[in-house]
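Encoded as structure tokens, the structure appears first; notes follow it.
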Amino acid sequence: MSTTGGTAAETAEHEEHAGHHPTPQEYVRIALILAALTALEVSTYYFEFGAAAIPLLIALMVIKFVMVAGFFMHLRFDTKLFGRFMYTGLGFAVVLYTATLLIFVVDANQ
Amino acid sequence: MTRKHLTADGGTGGASGRGRRRARRFVPLAGLAVLLAACSGEQNALAPAGPFAQGPQDLIVWVFGIAVVVFVLVQGLILYTSWRYRRREGDDSMPEQVHGNTKLEIVWTLIPAMILAAIAVPTVQLIFEQMDEPEGDVLTVEVIGHRWWFEYYYPDYDIYTANEMAIPTDMPVRLEMTATDLARSPDLGVIHSFWIPRLAGKQDLVPGHTTYLNLQADEPGRYLGQCAEYCGLSHVNMRARVVAMEMADFETWVAEQQAPAAVPAAGTLEARGRELFGDLGARQACASCHQVWEGEGLRGPAQGPDLTHLWSREEFAGAIHDLTPENLRAWLADPNSMKPMQYEVNGIGMPNLNLTDDELDALTAYLETLD
Amino acid sequence: MASTTAAAETPRLRPSKPTGFLSWVATTDHKRIGILYFWTVLAFFFIGGVESSLIRAQLAQAELSVLTPEIYNQMFTMHGITMVFLVVMPFAAAFFNYLLPLMIGARDVAFPRLNAFSYWFYLFGGIFLYSSFFLGGAPNGSWVGYAPLSTNAVSNMAFYAVGIQILGVSSLASAINFIVTIINMRAPGMTFMRMPMFVWMTLTTSFLLLFAVPIIAVALFMLQFDAVFNAQFFQPASGGDPILYQHLFWLFGHPEVYIMILPAMGIVSEVMPTFSRKPLFGYAAMAFAGAAIGFIGFGVWAHHMFTSAIGPVPRSAFAVATMFIAVPTGIKIFNWVFTMWGGRIRFTTAMLFSVGFVSMFTIGGLSGVMHAIVPHNAQQHDTYFVVAHFHYVLFGGALFGLISGVYYWFPKVTGRLMNEKLGKVHFWTWLFGFNLTFGPMHMSGLLGQPRRTAVLPGELGATVELYNLLSSLGVVVLAISASIFLYNLIRSIRSGEASGDDPWDARTIEWMTATPPKHHNFDVIPVVTSRDEFWHRKYAESEEGIPVAVPVGASVDEESDAGHDEHIHMPDPSLWPAIHTLGVLPLGYGLVYANWLLVGIGAVWMVAGMFGWIIEPLAEGDDDEPAVAGAAAH
Amino acid sequence: MTAVAPSTSMGLDSRKLGMWTFLASEFLFFGAFVSAYLLYIDETNGGPGIEIFDIPFTSVSSFVLLMSSLTMVLAHNSHVRGDLRRMRLWTLATAGQGMVFLGGQVYEFTVFYREGLDLTQSPFASSFFFLTGFHGAHVAIGVLLLLGLYSLSLTGKVKVGQDVKTEMVGLYWHFVDIIWVIIFTVVYLIPELRV
Ligand code: HEA
Ligand code: HEA
Ligand code: CUA
Ligand SMILES: [Cu+2]
């Protein structure tokens with residue numbers, strides 16, 4: 001509750017982390033990469049990618065996701081616990097809902 | 001359709017034979033079940049009367065045995081420990097501070113796991129056995145759940161009936177089930193469940209899906225059942241009957257049901273009833289919801305129960321009332337008093353058509369001719 | 001220790017009187033919030049009990065007409081909703097609130113105002129649900145609210161959809177609060193493996209809530225939009241699939257049943273060691289088993305749908321998964337028994353209820369395993385056999401555990417003991433009445449009695465009728481027993497024997513501090529050096545591992561205890577959580593009646609309340625909340 | 001873990017931990033909407049289906065939302081560096097982009113509505129509007145938070161050194177953005193391949 005004790009520890013931590021945080025220039029660079037990836041994504045709408053399209057789109061989605069989470073949300077620099085929380089939630093969602101949808105598919109001809 | 005002869009290990013008949021033999025091996029455990037079965041009504045899950053009810057019964061008796069053993073062990077352990085280690089008057093000594101025992105942990109992880117594995121295997125086998133389409137001669141019946149009555153359609157014979165399903169004995173029946181067909185009813189279609197405990201477990205009827213259930217009766221008889229999925233106001237009044245009969249009787253039944261309804265001679269009370277059935281003036285006609293097929297045109301489904309051979313049935317209105325002239329008259333006079341429905345709010349069920357005494361007499365007389 | 005109650009010294013603009021109505025409305029003290037939860041739960045338990053009494057009256061004999069079908073259907077629906085969402089879950093929340101900070105050596109939860117918010121959401125959610133009785137009838141679509149039945153206007157289930165949604169927000173907020181509190185606010189030295197088992201179970205429960213509540217939220221939104229705004233999620237006519245609702249509901253619903261049982265398991269894990277005078281047997285296994293139950297509990301939901309439109313493959317998979325939940329549960333059962341083994345068991349009322357829990361829960365668990373035998377589940381499903389199962393686990397399990405906790409921690413809260421003689425009468429009548437009520441349901445279920453039937457059909461036969469009569473008689477015993485409990489409770493609050501700080505010779509640190517605890521819990525936050533910290537401060541171990549009492553104060557160097565703060569800084573009371581939360585009522589009615597004006601008023605109200613909340617400093621005297629981490633913000 | 005009397009046992013900021021906990025649960029929230037959408041993608045009940053999407057238009061608004069994450073992180077960066085003026089600027093820029101995105105969504109919904117796709121048309125329509133609508137609601141809340149942050153920093157309620165506040169809003173904002181990353185691919189682009 002009391003914060004008196006925390007001040008020192010916290011500021012120390014802040015400083016320790018500060019070095020790892022990207023600079024604004026780096027943020028812009030990351031954003032440019034994101035923009036390029038988005039352009040690539042949208043291009044699947046205009047050009048024929050054939051069978052590669054879906055895996056490509058999913059890969060791009062994952063990369064964008066990880067980049068935003070890692071850099072903009074500081075997951076790469078913050079405590080691992082935060083990342084673990086987020087990926088647990090994500091993992092639960094993916095597994096449970098995939099299973100649910102599979103049940104519908106398996107039973108489609110039942 | 002030809003009558004199928006059952007051999008000890010042929011087809012589904014085999015399943016039943018095997019089932020009975022297996023049951024005998026567990027006489028002591030099954031004893032309890034039989035005892036209970038003997039002194040109860042007909043809607044009884046402990047008194048299987050066909051292979052599709054027998055299989056699950058045999059399995060559960062076995063599992064129940066295990067449960068009893070675990071129960072006795074655990075409760076015994078609790079009681080013994082409580083007694084043995086109770087603090088005695090004046091005893092202020094301290095027990096040894098034991099924190100755990102890894103060996104014990106492993107034991108009581110592995111033993112239950114092994115027991116469960118042993119239960120899991122036959123369970124999974126039986127799941128598939130129960131759900132697979134039976135081989136050989138099979139009677140197909142389509143079951144449609146309405147709020148709050150079951151409709152049956154025999155696609156092989158083009159027969160519609162309600163509440164009571166006739167089947168031949170010793171032949172597997174495959175039910176193809178769904179809930180209300182929206183094209184012909186204001187009922188938006190809710191989930192029901194078809195359950196005749198002595199013949200098979202229940203299976204839900206889901207609007208938009210077709211579900212399947214196998215059942216078979218070994219002996220002729222009237223098997224009681226009921227909708228088992230809560231479906232609103234009159235869920236409890238949504239009963240089901242299966243009437244199993246020898247193949248010959250069944251064939252007669254089919255022939256009778258396929259025949260068109262009798263048309264009463266002109267000028268009689270019954271004929272007046274027939275007219276009213278088709279035309280009630282400003283009020284909604286019976287025929288707008290019910291079908292009495294007189295041999296012309298299509299024999300199609302209607303919003304309410306098919307009445308072509310109403311009088312061949314023993315019960316009506318979701319099989320909650322005996323089909324007697326008095327009951328029927330009361331029904332026509334005020335359906336809601338015989339069975340709570342929601343015609344006014346929802347359009348579900350049968351409306352009160354404010355029939356006069358004369359009209360009631362005529363209609364009842366007419367309906368009685370529909371055998 | 002200079003000042004223990006900073007509150008008394010600082011002049012404040014907001015309700016600062018330590019007593020009176022407003023002090024309760026504005027409280028952010030986790031202990032007071034816990035007490036608010038407790039009394040609200042008792043009120044709802046009474047209502048839910050009356051509803052079940054009416055159910056049993058109607059079913060006492062075949063073909064009775066004590067209730068019309070309309071009323072009956074409302075009764076069992078509201079009974080289920082009340083007992084699950086307004087009794088068992090918040091009952092657990094009452095314990096979490098009161099005990100969690102005390103047990104981990106914190107001064108409060110991480111977000112005290114959010115904590116108050118959770119309570120108010122709970123209360124208003126309950127009131128909202130019950131207001132439906134005066135607004136055209138209560139929901140009557142059962143507590144599972146299957147679509148499309150529940151999208152039908154006559155089912156009144158819009159109230160259910162919105163009401164449970166409100167309760168869900170409350171649960172989600174508490175879950176976040178407790179997770180953060182446990183992870184972040186433990187006393188120095190309180191490692192995860194030194195936490196009391198109750199704290200472990202709180203953590204597991206909170207994670208279950210965290211991941212389960214959003215799922216039901218979606219299901220309820222869909223249900224409500226189908227019902228009120230004509231959306232087509234579950235309408236078969238346009239291609240919607242009712243099975244989707246079942247999946248979403250049970251994806252939440254099954255974790256939910258473990259949400260209800262795990263807190264009780266935590267309580268039992270505290271009570272048993274204390275009264276056996278032994279540490280919890282297999283601590284690590286217990287913690288692990290709890291987590292495993294929670295985890296596997298997410299993978300068994302379709303066992304409620306064995307007779308639904310799902311095929312043999314999922315039926316098999318879920319059958320196997322379901323059965324194996326018995327393994328971690330068994331681990332718990334055996335560890336409890338071996339906690340008692342070799343002990344010096346004192347059979348206080350609290351201990352009796354805990355032993356009763358282990359015994360009765362096992363029965364319910366075994367019938368649960370029988371449900372998982374899919375081919376026979378088709379016979380058991382939606383019969384009274386299932387009703388028997390879940391009352392054994394919920395009443396014989398959850399409720400026994402929670403009541404055990406009431407007897408155990410009552411002295412901590414009030415400084416008085418509950419009357420043991422009355423307590424024992426309560427226990428034995430409770431045990432007897434409970435078995436009389438629900439035991440026969442096993443039989444009537446197997447004999448074919450379906451659940452949710454507004455009358456007991458006569459055609460089921462005389463045997464079933466007899467069992468039903470016994471069940472109904474059981475409720476009479478339960479009602480008498482509950483009255484004894486209530487009498488004991490009130491009498492003991494008024495004039496119970498003084499308990500002292502540590503009446504049970506307990507093991508965990510909540511018993512180290514004053515009884516009842518002061519606003520700030522601990523004058524000095526204890527430094528924890530072992531599991532069962534308090535016990536180790538009281539007893540040293542002889543060479544044979546037998547504890548020997550140590551003279552007071554000798555074992556622990558008091559100096560080592562941390563937190564010699566000059567001023568203990570407690571959050572001040574705040575009216576904002578209650579004000580903010582009030583906006584949920586117009587919002588809720590607006591959604592039920594498709595009235596956008598009300599929705600707008602509610603939304604604006606809540607946003608405004610939120611800003612008031614943010615702007616108001618956590619504690620007067622801070623011109624703002626502290627700039628650095630660790631503060632109780634929010 | 002025997003702490004030297006820190007205020008929190010993990011040395012973490014409770015507020016951030018709370019936010020992450022909340023975000024973890026949000027995945028299950030949106031996951032359910034996505035599943036419903038995937039289940040119902042062909043249940044158009046005779047009404048419009050996925051062919052109604054205007055990919056170029058949605059791409060632009062997706063891009064705007066993605067870039068708002070950049071301005072958001074720049075706002076936080078400015079705050080860390082103690083530059084409240086820049087922080088305010090970037091915050092407003094972020095809120096502005098959020099509003100552009102919302103405006104795009106409103107426009108999109110109106111167009112769809114005119115073409116016969118409304119909530120009550122089909123399971124497809126319901127699940128599409130729910131998924132994107134609830135995402136939109138999240139964006140709207142985010143905009144409110146951003147504007148709140150902006151005005152509180154003007155009144156001195158958000159100070160230099162209190163960058164956790166900006167970070168909290170940022171976490172929420174980025175989360176809403178990554179959810180859209182998923183939605184854009186799963187709802188728009190992949191199904192569109194079939195048309
Ligand atoms: C506190 C709540 C709670 C708990 C803890 C449980 C625990 C379990 N439940 Fe129960 N259940 C409910 C509440 C709960 N349930 C409710 C409310 C419903 C009905 C919902 C509705 O439809 O309204 C329900 C319904 C329900 C069904 C669906 C029935 C149907 O409608 O057809 C099933 C099916 O598998 C099931 C199974 C189980 C199992 C296997 C467990 C297991 O976790 C039990 C494990 C415990 C033990 C087995 C005992 C101890 C173990 C040992 C001593 C080890 C040795 C044991 C063996 C080797 C077997 N439950
Ligand atoms: C924790 C949960 C819980 C608890 C404790 C109970 C407690 C009881 N339940 Fe429960 N019940 C459910 C959860 C619970 N139930 C659920 C989830 C359902 C399913 C609903 C559905 O199908 O949708 C259900 C359904 C259900 C049914 C099936 C209804 C049906 O299918 O048609 C029945 C029938 O007998 C029943 C009976 C009882 C009884 C007699 C009690 C008794 O034990 C209650 C005893 C309590 C009292 C009698 C309290 C009264 C107190 C006093 C008198 C003291 C005096 C107090 C003051 C003066 C303030 N319940
Ligand atoms: Cu049909 Cu219940
Ligand atoms: Cu379950």
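Computed from a prediction, not measured in an experiment: that's the story for all the values here. Note on naming: letters A, B, ... go to the chains in the order of the sequence lines (proteins, then strands), and numbering restarts at 1 for each one.
At a heavy-atom separation below 4.5 angstrom, chain C is approached by D/T120, D/Q121, D/S122, D/P123, D/S126, D/S127 within residues 120-129 of chain D. For residues 100-117 of chain D, an interface with chain C (any heavy-atom pair closer than 4.5 Å) does not exist.
C/V607 touches chain D through its side chain: at least one heavy atom from C-beta onward sits under 4.5 Å away, while N, CA, C and O do not. Heavy atoms closer than 4.5 Å to chain D are found nowhere in C/M610, neither backbone nor side chain. With a 4.5 angstrom heavy-atom cutoff, C/L210 touches chain D via backbone and side-chain atoms both. For chain D, no part of C/L251 is nearby; none of its heavy atoms comes within less than 4.5 Å. Residue contact with chain C, scored on non-hydrogen atoms closer than 4.5 Å, involves the backbone and the side chain of D/L119 alike. Contact annotation for D/L39: only side-chain heavy atoms (C-beta onward) come within less than 4.5 Å of a heavy atom of chain C. Residue C/F221 touches chain D through both its backbone and its side chain, counting heavy-atom pairs closer than 4.5 Å. Interface residue C/D241: backbone and side-chain heavy atoms are both found under 4.5 Å from chain D.
Nearest approach of C/A217 to D/F29, heavy atoms of both residues: CB-CE1, 4.0 Å. The two residues D/F130 and C/M222 have their closest heavy-atom pair at CE2-N, 3.9 Å. For the pair C/L172 and D/S25, the tightest heavy-atom approach, listed with the atom from each and the gap, is CD1-OG, 4.0 Å.
The greatest number of non-hydrogen atom pairs below 4.5 Å with chain D, out of C/F233, C/F229, C/F207, is found for C/F233.
Rounding to the nearest 0.5 angstrom, the gap separating the CG atom in C/N230 from the CG atom in D/D118 is 9.5 Å. For the atom pair C/I215 CD1 and D/S35 OG, the distance stands at 9.5 Å (nearest 0.5 Å).
For the pair D/Y40 (side chain) and C/G240 (backbone), a donor-acceptor distance under 3.5 Å is absent.
Residues D/L28 and C/V218 have side chains not in contact (no heavy-atom distance under 4.5 Å, counting atoms from C-beta outward).
Exactly one residue among C/I179, C/N177, C/I183 makes a side chain to side chain contact (heavy atoms under 4.5 Å, CB included) with D/T21. That residue is C/I179.
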